Every structure is written in C-alpha cells, then in structure tokens.
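Below is one structure, written out as structure tokens; the observations come after it.
Computed from a prediction, not measured in an experiment: that's the story for all the values here. Keep in mind that the numbers below use all heavy atoms, side chains included, and drop hydrogens, waters and symmetry copies.
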Protein chains: 2
Amino acid sequence: MSSEDFLLTNFNAAQLRSNCATCSLRELCLPVGLNDQEIQILGKVVSQQKKIRRGGYLYRASTNFQALYAVKRGSLKTCILEEDGRQQITGFHMTGDLLGLDAISNESHICDAIALENSELCEIPFSKLEEISRIIPTFMHHFHKIMSREIVRDHSLMLLLGGMKAEERLASFLLNISSRLAIRGYSESSFNLRMTREEIGSYLGLKLETVSRAFSKLQSEAIISVNYKHIEIHDLERLKLKMGNASCTT
Amino acid sequence: MSSEDFLLTNFNAAQLRSNCATCSLRELCLPVGLNDQEIQILGKVVSQQKKIRRGGYLYRASTNFQALYAVKRGSLKTCILEEDGRQQITGFHMTGDLLGLDAISNESHICDAIALENSELCEIPFSKLEEISRIIPTFMHHFHKIMSREIVRDHSLMLLLGGMKAEERLASFLLNISSRLAIRGYSESSFNLRMTREEIGSYLGLKLETVSRAFSKLQSEAIISVNYKHIEIHDLERLKLKMGNASCTT
DNA sequence: CGCCTTTTTGATAGCCGTCAAATTTCGTGG
DNA sequence: CCACGAAATTTGACGGCTATCAAAAAGGCG
C-alpha cells in the first residue's frame, strides 16, 4: 500500500476523534484555505488531543522531533535556556498556533514548550505532513506560508528587542495579545494575561520590575487599567501611539 | 505539457549557464543532500546570475515576491525600516545563503536586500521550487530544514538582543562571522568586515559608538586586533568566554 | 588629490538593572 | 471551607551601562 493510499484510507473510529473538519479552529489553524476533501485527508493524520496540565511540558529541548503541535485549547510558552542559566521566552502560543517549526532543522527540539494553563493539543506527525504536502500542492504552499510567517514574526520581535524602550515594548506586547484575542472572537480590550511579569519580561528583554513599572506608567496615563493579571485597554489609539510603530501581527 | 515534463525537459544552451552541478557552492547552498540527477533538475530552474553593485538593491520591501535568491558571490544585508524611521538589519548574508524566505507569507517582500559589495545571485522562482518539492521529497524536506534553520537563527539573535551586554553581543557577532568564514574555507581568525559600525550596531541593537567602544575594549584586552574593517582574532577561546554562551551557528 | 564617509574617543544624561521590602494573590493541605 | 506559606506584584533607592552630543582623525571613492 502506497503512502498515498494509506492517507486516503479511513482509520478506525477510535482514531477519528480529532476531526479537523468539525473543529472550531478550522479558520485559524492548519486547514485554512483547504477544501473539504483536503481537510478530510489532513484530519486523518492528526491524532487525538494531547492534554498538558499547567506547568507541564509538551516537549523539551534536545528531545527527538517527531511531530508538530497545534494548540486546540489553552496556551503555552516556548523558551530557550542557555548553559549559563540565561533564558529567553521565544513566544506565547494560543489556540490555532502551530508549535515545533524550529525543530525541523536539527530533527530535535531546541526549546522547551510549557503549558501556561491546562491545555489540549493536536499532534501532526511531520513525516505525514510532508506526505500530504506532496499530494496537495495547496497544502504545501500554505505550510510554507506558515513557516514564513514565523520568520516574519521573529523579525518583528527582533525590531522590538533591538530598538524599543520598555514602555514601547509593553505597548507592542499588549497590542499583539489584543489583536490575537480579537481574531479568536474574544474582547480586544479586556482580558486576563496567562503569564507572569517575569515571563513577559523574558519575552520582551526586560526585567520583571521594569515590566511592572511600565504597566503602572500606562495605567497612570489612563491608557490601561491593570489589576494583577487582568488588563483593560481604555484607549487603543493612544496605546498604538506609545510604540513609534511596530508590527503587531500574529 | 505537464509541469513535471517541463522540469525534466532541457532548456536551450543560453539558459543553462548557472549550473548547480558544477557550482563550487554545491555543499553550502540549496543542492546539499541531493543526488546528481536531482541537482540537474534543480539547475534547470535556477536562472542566470543576477549582478548587483555595491549599495544596489536585490529587492525592496513591499515589492512583489516571485523568487528566492542564493548568494553566488559577494554579500548582502537585509533590513526592515519602519514608518517612523526606525531601522533594523535582520541579517548579513554570504555565499550560499538563501534570501527571501520571509516574503513567502505575504507574497511580498517585507525587507530590503542591499549588496554590501559587488555581488552575484542565483534566482530560483518560488513556484518552480514548490514544483520540484513535489517531485523530489528529499528536496522538499531539505527546504523545510532550511526554513526551520532560519527560525532557529532568528531565535539566537533574539536571545542576544534580549539579554546580552554590548561586549557579549560583539563577541557573539565576531564568532558568528568567523565560523561562517571557516565553513567557506576562509581564515577564521583574520578577515575584513564588509559592513560599517553603524550596520553592525543596527544588527546588534546598539549604537555605532557603542560598537566602536566594544571593539576597542576587546583590543585593549589583546583578544582581537582591530584596524578599521580588518579584524584579527588572537584568542578564540577567550572571545568565546566573553559571551556567557550563545549559539553562533549559521 | 580632495571631499565625504567612517571610525574613534570623550563627556554627560537617562534608562534600566539590581537590591530590597511590603503587599496581594494563589495553591496546597488541613 | 479555611488557613497557611510560597509565589507574584508593586514600589523605592541607587548604580551601571548605553545613548546622545560633540569633535577630531583616518580612510575611501570619484
């Protein structure tokens, strides 16, 4: 049986649980732009939800790379930690986001992926993803776009880390979270952060005290309200002015 | 004629000039890991050398994306510039490096690519690259690894920008250049930089004066010698100690 | 050969990191 | 359900690193 036949054959009922066709994240996740038949094919290689409790690891650096993961529910952080103890968070990931793209190059993970809250993930074996790519050109092209988008996202963060001041970085961060929540149908102006000040600082290249001070500053200017992890954005326009500019896509 | 037939058919002699099979960069560039026949196929879609004079643009931000480029000779920088004038160099590219991966996501370039010296580039139409990917699974996998490596490279830079001090950043930068030159068969300890202090600063998130001071500091410690653009590394080990650590791959 | 760019070095100011302590929240176990 | 302890957050004071402004010297391109 060729791999193509394999992909076109139905699995048994038990394995059909995670069905991309009926998933509420169709429009955010890997299936974007595929037609119904193509989504069927994709759905067959996506395995059942993997549950990770808050603080648990989805994968660890230096472990073998086998699959990409899509966030079905919850949120995660990915972080690199250096031998000398230096650590940096490279991204916060919410529903529909794809994790593990950095592991393709060495066939082993280079960062840890840790759940910020109890989460569920869909597992996509990478070899199967490449098989589908050969069968469905649309899918291959879309996957290339997703990888490219990750590069663009990283470049935005490099711009932030390379040139912005603390307050600009935080404004940029809040606008990024806000727009991503909006895309997912949540409020863009009222939300709870899932990460600590220290994690935000690690992501933005700042110390946690500086992050806290920047929050206080924005609050004192009546642009936002901060109550521990709960954020209210009162003036989106003025918040945008806080960063000279900067892409808040993704 | 199907696209596959098209790829397997010979072009006329005039278009065969840039032949991957006989290129000295075979082991550094896209053909890595391909067999002879596969390299033949690739060679047929890679068009003749494109020459860019020092200071000239290979492509500009917001222009239409059609092709990836491989550096055949010379070197380039890629930089994003924001509406408010903020600018950041996202990478320096030498022979064998692939440019344009960030443009796939939007089908338009998001950065400028400018030659640091007179350079030659090979052009690979992206649609053709995806066609080859369908025909040669090895090639598709290799291409995915290249994109992933770009993400890993960006994460290294994020780590640098997020946490390192000026001297650590410069040490990291010099070691990166050194190792890349070594891979290409040049001296790892004696070389000429192609970029200005300002460009190095833009890449490292520092002002040009700070870069200059960091050079002077390393020289005063007898770790390197600096004579304008000419650098001699006297003590590679101590230079490595200067950055607490950090990946200097790529 | 001459002008313009690049580089170096100095002085000063401002932002952020560091250390410290108080307050609140959250998780765990009784 | 409540209570306790650990973790997270906020705020203040101070110091260090880097940006900024300025000027001189060296190099490179036409």
Side-chain angles (χ1 to χ4, degrees), chain A residues 53-56 77 85-89 114-118 160-171 173-174 192-221 224-231 242-244, chain B residues 53-56 77 85-89 114-118 160-174 192-220 224-231 242-244:
Chain A
R53 297 195 65 79
R54 176 191 151 91
K77 64 175 177 180
R86 239 191 290 250
Q87 177 184 354
Q88 177 140 356
I89 290 177
I114 301 170
L116 293 171
E117 58 193 312
N118 294 345
L160 179 149
L161 292 168
M164 291 189 187
K165 295 180 195 290
E167 204 180 327
E168 298 170 327
R169 295 185 195 199
L170 188 64
F173 170 76
L174 289 173
N192 284 296
L193 297 173
R194 301 300 184 186
M195 67 294 285
T196 67
R197 299 289 188 265
E198 186 170 22
E199 288 166 334
I200 296 170
S202 172
Y203 181 65
L204 298 178
L206 299 169
K207 292 295 160 186
L208 68 97
E209 297 94 330
T210 306
V211 173
S212 181
R213 272 184 248 274
F215 269 121
S216 300
K217 178 98 187 305
L218 289 175
Q219 183 169 231
S220 75
E221 298 177 57
I224 63 173
S225 287
V226 185
N227 196 284
Y228 295 90
K229 289 200 156 54
H230 184 75
I231 307 293
K242 277 291 172 181
M243 45 178 210
Chain B
R53 298 195 65 79
R54 177 190 149 91
K77 65 175 176 180
R86 240 192 288 248
Q87 178 183 352
Q88 176 139 357
I89 290 177
I114 301 170
L116 293 171
E117 59 192 312
N118 294 345
L160 178 149
L161 293 168
M164 291 188 186
K165 294 175 196 255
E167 203 179 329
E168 297 170 327
R169 295 185 195 200
L170 187 65
S172 184
F173 171 76
L174 289 173
N192 285 296
L193 297 172
R194 302 300 183 185
M195 66 295 284
T196 67
R197 300 287 189 267
E198 186 171 20
E199 287 166 335
I200 296 171
S202 172
Y203 182 64
L204 298 178
L206 300 169
K207 291 296 159 185
L208 67 97
E209 297 94 330
T210 306
V211 173
S212 180
R213 273 183 246 274
F215 269 121
S216 301
K217 179 99 187 303
L218 289 175
Q219 183 168 233
S220 75
I224 63 173
S225 286
V226 185
N227 196 283
Y228 296 92
K229 289 202 157 53
H230 184 76
I231 307 294
K242 277 292 173 181
M243 44 179 210

Sugar-phosphate only, base, or nothing, as touched by B:Gly201 at under 4.0 Å among non-hydrogen atoms: nothing
Sugar-phosphate only, base, or nothing, as touched by A:Gly205 at under 4.0 Å among non-hydrogen atoms: sugar-phosphate
A:Phe215 vs B:Arg169, nearer the 5' end of DNA chain D by closest nucleotide: A:Phe215
Partner residues of B:Arg197 under the side-chain hydrogen bond (donor to acceptor under 3.5 Å, both in side chains) criterion, sequence neighbours left out: none
Sidechain-backbone polar pair: A:Asn118 side chain, A:Arg53 backbone, donor-acceptor under 3.5 Å: no
Residue met sooner reading DNA chain C from 5', once B:Arg54 and B:Glu209 are mapped to nucleotides: B:Arg54
Rounded distance (Å) that lies between atom P of C:dC26 and atom CG of A:Leu193: 13 Å
Side chain A:Arg169, main chain A:Leu204, donor-acceptor under 3.5 Å: yes
Gap between atoms CD and C1', on B:Glu199 and C:dT7 respectively (whole Å): 14 Å
Sidechain N-carboxylate O distance under 4.0 Å for A:Glu221, A:Lys217: yes
For atom CG of B:Leu116 and atom P of C:dT6, their distance in whole Å: 12 Å
Separation of atom CD in A:Glu168 from atom C1' in C:dC15, rounded to whole Å: 12 Å
B:Ile89 side chain near B:Met195 side chain, heavy-atom distance below 4.5 Å: no
Net bend of the helix from C:dC1-D:dG30 to C:dG30-D:dC1, end axes of five pairs each, nearest 10 degrees: 60°
Side-chain heavy atoms of A:Ile200 within contact of A:Leu170, under 4.5 Å: yes
Distance test, side-chain N/O of A:Ser216 to OP1/OP2 of D:dT10, below 4.0 Å: no
Atom-pair distance (CG on B:Leu206; C1' on C:dC15), nearest Å: 15 Å
Side chain to side chain, A:Phe215 and A:Leu174, heavy atoms closer than 4.5 Å: yes
5' precedence on DNA chain D between A:Val211 and A:Lys165 (nearest-nucleotide basis): A:Val211
Rounded interatomic separation in angstrom, taking CD1 from B:Ile200 and C1' from C:dT5: 15 Å
Nearest-Å distance for atom pair NZ/P, residues A:Lys207 and D:dG16: 17 Å
Residue B:Glu167 excluded, over 12 heavy atoms near CD under 6.0 Å: yes
Side-chain heavy-atom pair B:Lys229, B:Thr196 within 4.5 angstrom cut-off: yes
Donor-acceptor pair (no angle test) under 3.5 Å: B:Arg213 side chain, C:dG10 base: yes
Nearest-angstrom distance from the residue atom CG of B:Leu218 to C1' of C:dT8: 15 Å
Got a list of protein N/O to nucleotides 6-9 of chain D N/O distances below 3.5 Å?
from: D:dT9; atom 1: OP1; to: A:Lys229; atom 2: NZ; distance (Å): 2.8
from: D:dT9; atom 1: OP2; to: A:Arg197; atom 2: N; distance (Å): 2.7

Shortest non-hydrogen separation from B:Ala166 to B:Ala214 and the atoms involved: O-CB, 4.4 Å
